[in-house]
Novice: 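This is the structure I have questions about; it appears just below.
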Amino acid sequence: MINYVWLIPLAGLAALGYAFLKSAWINRQDSGTEKMKTIAAAIREGAMAFLMREYRILAVFVIVVAALLGWVNRDQPDSHQLIALSFVVGAVCSGLAGFFGMRVATAANVRTTNRAREGLAQALDIAFGGGAVMGMSVVGLGVLGLGGLFLLYNNTHILGMAPGSFDVNRVLNVLAGFSLGASSIALFARVGGGIFTKAADVGADLVGKVEAGIPEDDPRNPATIADNVGDNVGDVAGMGADLFESYVGAIIGSMVLGVAWGRGLEGQASFNPIILPLFIAAAGIIVSIAGTFVVKTKEGGNPQAALDRGTFGAGAVMLVVSYFLIHAFLGEGTFNFNEFGVAHTFTAQGVFYATLGGLVAGILIGVVTEYYTSDHKSPVHGIARESLTGPSTNIISGLAVGMLSTAIPTLLISGAIMFAYANAGLYGIAMAALGMLSTTGIQLAVDAYGPIADNAGGIAEMAGLEAIVRERTDKLDAVGNTTAAIGKGFAIGSAALTALALFSAFATKAGLLEHGINVLEPSVMAGVFIGGMLPFLFSAMAMKAVGRAAFKMIEEVRRQFREIPGIREGTTPADHARCVDISTAAAIKEMIIPGLLAILAPVAMGFYSAEALGGLLVGTTVGGVMLAIFMSNAGGAWDNAKKYIEGGHHGGKGSEAHKAAVIGDTVGDPFKDTAGPALNILIKLMSVVALVIAPLI
């Protein structure tokens, strides 16, 4: 099968080609009235200005780290200075995915609004089309980058290997730099985007809605444009970068762990377990593209049913495709090798079962996440009811719901790990993570659709369009909240399994599998404790950054209401640009230290002791997954409790319960959109750093 690796980059090009055609189709649609175009232009300008300023800072980081990687890996027997190239390509691909997604999202939002004037079905086409560009850009760049570099490094002369002395371990060590580049950019994008969007959101909510009594998307609110910009930089570019690095990390981890399986095969067939993850990812692209064509609805239909049809339909088809690919690549024989000093026997069917288990676990985690965060379910109704007695009881109830919501996902993740390991060892765990992410193209399309629909509603409000338009965009947005919850469930589940796969790959490279890691060793136990602390330290940095940025935003909004006459009456326009600039400057400044913490901590621990680094990764993975589930679900529950009250329950908008719920929502905003999602990247990035430095320690 090694002779067909050239098909991998072609699948990536197919995804990018589809994204280009879909983007061109969206740009040909009418943008509506002049007022709509002006509002959309302000959102687009703010989003792209943030992205360009962020990328200028990250370019310096990429150059410095690439130079260090090239220098420390020169003349290494198990690595090569070209790891710097892998790092740069991974970083550039991650950045491009965010850029492409941002461009189309800020073009699709106003066109969704305009098509909502015609009907719900037409608006869904545009919003989902914008999400599809994001999804296909992510998987296309990931597969094209990994497949292209793998083909390049298979040339023995490139890595300085003598003819006939091909070393697949060396190739994979160098290729791991791609994952490091993707993860690094993803963390900065998630943290920076999260700080931006939540500073704007808190300012718009607390001053505009609570103090001034102005609706969230009312143009009189000075922070409203910044809030809409934040939807794009946080939920489009940030989520895209998040799933890009999960996707790449799952593939790399599977390839590294596939080396052990390859030892049971002869000749070129020994490469089959290594390249199988690339072919599954490539097949997932084709299946995801096909899935986008069934996401259609009629006027008066249910957008949720259309999105579910595409997502779950693609997942079902991918299972069938995976079955045949796994059996074609691995054959019908058995694979015998040792893990942790114990002999194991596995088969291709076991690998398929592990992949199936990962996909099922991801879906179930999404369903549980939706239960705890949906405004149609009892946990959120309970938070709304507690709001009747003030913000304190609202916050207590939300914290309790977030803590409670960790139980079932943890059991599902644990079950998926045990099931995958029983069927296919450590390789099975990596393939379970890949099973969750194999249809990332359409999963991310559905997820990115949400902020586009949200922006469309904001534009309808600001442009003063007829009420039916806002009703249609709100219906799309409500579905987007559900899909976002399911998407976050997939993100958390895949993060846990991907981190474990990368950790296993590190343990393999560092020679820890033979004797394992002794938790009674003081340095290992210290590593576990420090690792368990890091997610809390990281989250505290992100939360305090949001608080500082939100303070500046609140002061600016209050200043404008106080000093600019006519804003409340709508006779004088608010200074939206100033609010965008405050969020941008704060996000760029505040993202640096949390990002460096995630990179430097495993490096420092690794050069002290490989075993201690193993303990650090265990502590970070466990603590990070628990905290991520808690923060994401608590924040989502607070948000939807507010929306449930705004729907007319417990006094509706303007009531004391509503004011309490708004305060709870502002607490939950940095939980669910800054710290929580960034923790998914933290645990994977630290494992990737460990994998990259494994040949050096």
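We number each residue from 1, following the sequence as shown.
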Novice: So Val65 and Ser184, do their side chains get closer than 4.5 Å, heavy atoms only?
Specialist: no
Novice: As a test of understanding, state which of Leu597, Val546, Val191 forms a side chain to side chain contact (heavy atoms under 4.5 Å, CB included) with Met541.
Specialist: Leu597
Novice: Less than 4.5 Å apart, any side-chain heavy atom of Val138 and any of Phe100?
Specialist: no
Novice: Please answer whether the main-chain N or O of Leu685 pairs with a side-chain N or O of Ser183 as donor and acceptor at a distance below 3.5 Å.
Specialist: no
Novice: Apply side-chain contact (heavy atoms from CB on, under 4.5 Å) to Thr498 and Leu437, showing your working.
Specialist: CA-CA 10 Å; Thr498 301; Leu437 295 165; 4.0 Å; yes
Novice: Is the closest side-chain heavy-atom distance between Pro9 and Leu151 below 4.5 Å?
Specialist: yes
Novice: With heavy-atom distances below 4.5 Å as the criterion, would you say the side chains of Val62 and Ile185 are in contact?
Specialist: yes
Novice: Drop me the distance from Ile280's CD1 to Ile285's CD1, to the nearest 0.5 angstrom.
Specialist: 13.0 Å
Novice: Go through Lys22 and Met136 one step at a time and tell me if the side-chain contact (heavy atoms from CB on, under 4.5 Å) criterion holds.
Specialist: CA-CA 10 Å; Lys22 184 64 74 172; Met136 296 308 161; over 6 Å; no
Novice: Quick one: pull up CZ in Phe279 and CZ in Phe329 and give me the separation to the nearest 0.5 Å.
Specialist: 4.0 Å
Novice: Closer than 3.5 angstrom, by distance alone: can the side chain of Tyr427 be matched with the main-chain N or O of Pro273 as a donor-acceptor pair?
Specialist: yes
Novice: Please collect all side chain to side chain donor-acceptor pair (under 3.5 Å) contacts where either partner lies in residues 429-439, sequence neighbours excluded, each pair once.
Specialist: Thr439-Gln443
Novice: Please name the pair of heavy atoms, one in Glu54 and one in Ile588, separated by the smallest distance, quoted to 0.1 Å.
Specialist: CA-CD1, 3.3 Å
Novice: How close do Ala678 and Phe538 get, counting heavy atoms only, and between which atoms?
Specialist: CB-CE2, 3.6 Å
Novice: Under 4.5 Å between any side-chain heavy atoms of Pro277 and Met431, yes or no?
Specialist: yes
Novice: Please assess Leu534 against Leu616 for the test side-chain contact (heavy atoms from CB on, under 4.5 Å), listing each intermediate value before the final yes or no.
Specialist: CA-CA 9 Å; Leu534 284 175; Leu616 184 85; 3.9 Å; yes
Novice: Could you check Leu617, Leu172, Leu502 and say which one makes a side chain to side chain contact (heavy atoms under 4.5 Å, CB included) with Leu691?
Specialist: Leu502
Novice: Compare every heavy atom of Leu497 with every heavy atom of Ala433, then report the nearest pair and how far apart it is.
Specialist: CB-CB, 3.6 Å
Novice: Do side-chain atoms of Ser137 reach the backbone of Val133 as a donor and acceptor pair under 3.5 angstrom?
Specialist: yes
Novice: Quick check: do Ile286 and Val321 have side-chain heavy atoms less than 4.5 Å from each other?
Specialist: no
Novice: Is a side-chain donor or acceptor of Ser23 paired with a backbone partner of Ala19 at a separation under 3.5 angstrom?
Specialist: no
Novice: Where do Tyr247 and Val143 land on the side-chain contact (heavy atoms from CB on, under 4.5 Å) test, with the steps shown first?
Specialist: CA-CA 9 Å; Tyr247 186 67; Val143 167; 3.3 Å; yes
Novice: Give the ring-plane orientation class for Phe244 versus Phe178, where under 30° counts as parallel, over 60° as perpendicular and anything between as tilted.
Specialist: tilted
Novice: Kindly give the heavy-atom pair with the smallest separation between Gly441 and Val139, and that separation in Å.
Specialist: N-CG1, 3.5 Å
Novice: Looking at side-chain heavy atoms only, is the closest gap between Ile8 and Phe150 below 4.5 Å?
Specialist: no
Novice: For Thr674 and Ala542, work out which heavy atoms get closest and say how close.
Specialist: CG2-CB, 4.0 Å
Novice: When the ring centroid of Phe61 is compared with that of Phe188, is the distance short of 6.0 Å?
Specialist: yes
Novice: Mind telling me whether Phe346 and Tyr421 have parallel, tilted or perpendicular rings, with 30° and 60° as the class edges?
Specialist: perpendicular
Novice: Say you draw a straight line from NZ of Lys684 to CG of Leu180; how long is it, rounded to the nearest 0.5 Å?
Specialist: 14.0 Å
Novice: Looking at Leu682 and Leu187, what are the two nearest heavy atoms and their distance?
Specialist: N-CD1, 4.1 Å
Novice: Are the side chains of Ile252 and Leu146 in touch, meaning some heavy atoms are under 4.5 Å apart?
Specialist: yes
Novice: For Gly95, does its backbone N or O pair with a side-chain atom of Tyr55 as donor and acceptor, under 3.5 Å?
Specialist: yes
